[in-house]
Amino acid sequence: MPKAVSPLFVCGATASGKTAYALRMAEELGGEIVNGDAFQLFRGIEILSAAPSEEEKKGFHHHLFGVLEPGESCDAGRYFEMAMPVISEIQSRGKTPIVVGGSGLYLKFLTHGPSPLPKGDEKMRAEMDGQTLEELLAELEAIDPVEAAQVNRGNKRYVSRSLEICRLTGEKVSELRDGWEKKTQELEKTLRGVWLIRERLDLHERIALRTKQMLSRGAIEEVSALAEIYGNWEKAIGVKEIRRFLSGEISRKECEELIVFATRQYAKRQETWFRREKWLEQLEI
RNA sequence: GGCCCGAUAGCUCAGUUGGUAGAGCAGCGGAUUGAAAAUCCGCGUGUCCCUGGUUCGAAUCCGGGUCGGGCCA
């Protein structure tokens, strides 16, 4: 049995050129591409999510692109469940899995594994959405004061998540988390990946160009085609803005501008994330 | 040509009776293991158009310019 080739992770901000770089590496290493992007998983928003085109996919196997219905929900855990078998299957054929994407949390599940914490509970989340941040904090405070002190108290999502775990397990999150996450030092030595870094101004130009192309090449049509479908996909950058354009609230120019702003801000958050992943080899591009 | 209005942060603008200025957006930095292209936290970046004057002190009041917009010719 051939020794499994460890996957190569190709990370970077949106519009930094990951797709092109990954294709080159696929050529060089004899690899196959695995999607590492939370939104390119969905079918129907290929243009909006800047998924590789049919042309680009030609020549190399591409996995996990457009595999979810737009109405489906997904999370990092489900992505992990989907991606691991794909990766080992590629390895079993002696090829190199090249995981390409910008979704930090999703990639982190692949590189570091999921925590033993329970997954999200839709019903409970709906219930907590109806509660105020103060109520949630008070409850968390009562159950797990340690967690209440260290959680990001202004972020209702995070407070809810902490409380959700307490409610689901009947235990304290802070204790459940303790012990996990410490073993990363050794683990990270075995990881292989690059972070494509592009100068900010250059990146901004690429974002502006890509946004313009997206809008003229069908992103608007994608959004209007999915008008009746609710779900995870709606949080993609551009959906909100395109809907405002379609309703006549803003002009096309404003729509484009707002998408550019949102995309730049996203790119900045991605850079903040990858900066912390010290195991990534930084590659100025 | 005459009259009127405006000029303050990258943009749109606020600024009380004179005490060297602040909002939104943009931008920058950060957090982030099960919603993550999500969500949240922090940071004001300034020839207050120029110039002379009044005043202890001018973004603010007065004179003269410059530029932009409007009205009348």
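Side chains are part of it too, since the values below use all heavy atoms of this structure and drop only hydrogens, waters and symmetry mates. So you know, we letter chains A, B, ... as the sequences are listed, proteins then strands, and number each from 1. If you're wondering where the values come from, they're calculated on a predicted model, not measured in any experiment.
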Watson-Crick and G-U pairing of RNA chain B written in dot-bracket, each distance under 3.5 angstrom, with | for inter-strand partners: (((((((..((((.....[..))))((((((.......))))).)...(((((..]....)))))))))))).
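The CD atom of A:Glu46 sits 17 Å away from the P atom of B:A37 (whole-angstrom rounding). As a whole-Å value, the separation of A:Phe274 CZ from B:U33 C1' is 15 Å. Here the P atom of nucleotide B:G34 and the NE2 atom of A:His112 are 15 Å apart, to the nearest Å. The separation between A:Arg78 atom CZ and B:A36 atom P is 12 Å, rounded to whole Å. In this structure, A:Ile237 places its CD1 atom 13 Å from P of B:A36, rounding to the nearest Å. Here B:U33 presents its P atom at 7 Å from CG of A:Leu105, a figure rounded to the nearest Å. Residue A:Gln150 contributes atom CD, which lies 16 Å from atom C1' of B:C41 at whole-angstrom precision. For the pair A:Ile207 CD1 and B:A26 P, the interatomic distance rounds to 14 Å; values are reported in whole Å.
On the C1' atoms, B:A9 is 8 Å away from B:G44, given to the nearest whole Å. Taking the P atom of each, B:G15 and B:U51 are spaced 25 Å apart, rounded to whole Å. Straight-line distance between the P atoms of B:U47 and B:C11: roughly 11 Å, to the nearest whole Å. For the C1' atom pair drawn from B:C49 and B:C5, the interatomic distance equals 16 Å after rounding to whole Å. Here, B:U16 and B:A59 have their C1' atoms 14 Å apart, quoted to the whole Å.
In this structure, the side-chain hydrogen bond (donor to acceptor under 3.5 Å, both in side chains) partners of A:Glu72, at least two apart in sequence or on a different chain, are A:Arg78. Residues satisfying the salt bridge (charged side-chain N to carboxylate O under 4.0 Å, His left out) criterion with A:Lys108, sequence neighbours excluded, are A:Glu277. Among residues two or more places apart in sequence or in another chain, the side-chain hydrogen bond (donor to acceptor under 3.5 Å, both in side chains) test is passed with A:Ser216 by none. Remark: A:Arg43 engages A:Glu69 in a side-chain hydrogen bond (donor to acceptor under 3.5 Å, both in side chains) (not counting sequence neighbours). Listed by chain and residue number, A:Tyr106 satisfy the ring pair (Phe, Tyr, Trp, His ring centres under 6.0 Å) test with A:Tyr79 (two or more places apart in sequence, or in another chain). Shown here are the salt bridge (charged side-chain N to carboxylate O under 4.0 Å, His left out) partners of A:Arg206, two or more places apart in sequence or in another chain: there are none.
With no hydrogens or angles considered, a side-chain donor-acceptor pair links A:Ser162 and A:Glu147 at under 3.5 Å.
Evaluated for a side chain to side chain contact (heavy atoms under 4.5 Å, CB included) with A:Trp279, the options A:His112, A:Arg192, A:Lys189 yield exactly one hit, A:His112.
Taking both residues in full, the closest heavy atoms of A:Ala267 and A:Ile207 are given as CB-CD1, 4.2 Å, listed atom of the first, atom of the second, then distance. Nearest heavy-atom pair, A:Val99 versus A:Gly36, reported as atom, atom and distance to 0.1 Å: CG1-CA, 4.2 Å.
Residue-to-nucleotide proximity on RNA chain B shows that, of A:Pro118 and A:Lys240, the 5′-proximal contact is made by A:Pro118. Heavy-atom nearest nucleotides on RNA chain B were determined for A:Met214 and for A:Ile165, and the one closer to the 5' end corresponds to A:Ile165.
Base contact: A:Gly113 has a heavy atom under 4.0 Å from a base atom. Contact annotation for A:Ser73: no contact, since no heavy-atom pair falls under 4.0 Å across all strands. Residue A:Asp121 is classed as having no contact, given no heavy-atom separation below 4.0 Å to the nucleic acid. Heavy atoms of A:Ser103 sit under 4.0 angstrom from primed sugar atoms or phosphate atoms, though from no base atom.
Within the structure, every pair that satisfies the side chain to side chain donor-acceptor pair (under 3.5 Å) test and touches residues 222-236 of chain A, not counting sequence neighbours, is listed here: A:Glu234-A:Arg243.
Counting side-chain heavy-atom gaps under 4.5 Å among Ile, Leu, Val, Met, Phe, Trp and Tyr, the cluster of A:Ile47 also holds A:Met214. In the hydrophobic clustering, where aliphatic and aromatic side chains (Ile, Leu, Val, Met, Phe, Trp, Tyr) are joined below 4.5 Å either directly or transitively, A:Leu209 stands alone.
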Contacts under 3.5 Å, N or O only, protein and nucleotides 27-31 of chain B:
residue, atom, partner, partner atom, Å
B:G27, OP1, A:Arg264, NH1, 3.1
B:G27, OP2, A:Gln265, NE2, 2.8
B:C28, OP1, A:Arg200, NH1, 2.6
B:G29, OP2, A:Arg200, NH1, 3.1
B:G29, OP2, A:Arg200, NH2, 3.1
B:G29, N7, A:Lys268, NZ, 3.0
B:G30, OP1, A:Arg275, NH1, 2.8
B:G30, OP2, A:Thr272, OG1, 3.3
B:G30, OP2, A:Arg275, NH1, 2.4

Can you give me the N/O atom pairs linking the protein to nucleotides 42-45 of chain B at distances under 3.5 Å, or say none if there are none?
none

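At B:A36, none of the side-chain N or O atoms of A:Arg157 fall inside 4.0 Å of OP1 or OP2 (strictly under the cut-off). Between A:Asn232 and B:A37, a side-chain N or O to OP1/OP2 separation shorter than 4.0 Å is absent.
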